Amino acid sequence: MELFTPDFGLVFWMFIAFIILFVVLAIWGWPVILRNMDERADTIDKGVEYAREAKSQLDNARAEAQKYMEDAQVKQAEMLRDAARMKTQIIEDAKKEASEEAKKVMDAARVSIEQSRKEAELQFRNEVSRFSLEIAEKMVRGQLKDEKSQAALVDKMLDEIQQN
């Protein structure tokens, strides 16, 4: 049983060693351990604070990104409306220019047709006059074959000239 019951000297020296170890740890060990634990706690607290700030910044960045997306969509819609208005205006201008050009072409065609009609009418009158003169000449020649009819015609014309 002697193995299980220690002597007084052993207990005394173990107690002295424990006190020395306790004093050494209390003076140099515990403050270092506590300081390291406090530093670690501060580091963890700072990390948590940085994470909160990062989350806040991320939320702000998401909100700004959403705002920019909405602004971009509004601007895109506005640009599309402006483009549609410009397209409509260009089409209307092109139609107006085309109708004006068509009107000019039609007016030029009318003038050309009128000119051609007048030329054809003048040519027709000239042809009718020429045919009439040829017919009259042939009739007069037929009537003036003898001298008696020639003298009667000359007398008749002289009488008409005297009356006028």
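All figures in this text were calculated on a predicted structure; none of them were measured in a lab.
- Between K46 and D42 there is no salt bridge, since no side-chain nitrogen of the basic residue lies less than 4.0 Å from a carboxylate oxygen of the acidic one.
- Contact annotation: the side chain of E92 never approaches that of K96 to less than 4.5 Å [non-hydrogen atoms, C-beta and beyond].
- In this structure, E97 and E101 have side chains that are not in contact, with every pair of non-hydrogen atoms separated by 4.5 Å or more.
- With sequence neighbours excluded, no residue satisfies side-chain hydrogen bond (donor to acceptor under 3.5 Å, both in side chains) with R52.
- In the hydrophobic clustering of ILVMFWY residues, with side-chain heavy atoms under 4.5 Å counting as a link, I20 and W28 come out together.
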Atom pairs and distances, side-chain donor-acceptor, residues 73-90, under 3.5 Å, sequence neighbours left out:
residue : atom : partner : partner atom : Å
D82     : OD1  : R85     : NH1          : 2.7
T88     : OG1  : A84     : O            : 2.9
Q89     : NE2  : D93     : OD1          : 3.1

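- In this structure, F12 is a member of the same hydrophobic cluster as V23, with clusters built from ILVMFWY side-chain heavy atoms closer than 4.5 Å.
- A salt bridge between R110 and D107 is present, with a side-chain N of the basic residue lying under 4.0 Å from a carboxylate O of the acidic one.
- Shown here are the salt bridge (Lys or Arg N to Asp or Glu O under 4.0 Å) partners of E127, two or more places apart in sequence or in another chain: R130.
- In this structure, I19 is a member of the same hydrophobic cluster as I16, with clusters built from ILVMFWY side-chain heavy atoms closer than 4.5 Å.
- In plain terms, the two heavy atoms of P31 and A26 that are nearest each other are CD-O, 3.3 Å.
- Salt bridge R117/E121: present, at least one basic N to carboxylate O contact under 4.0 Å.
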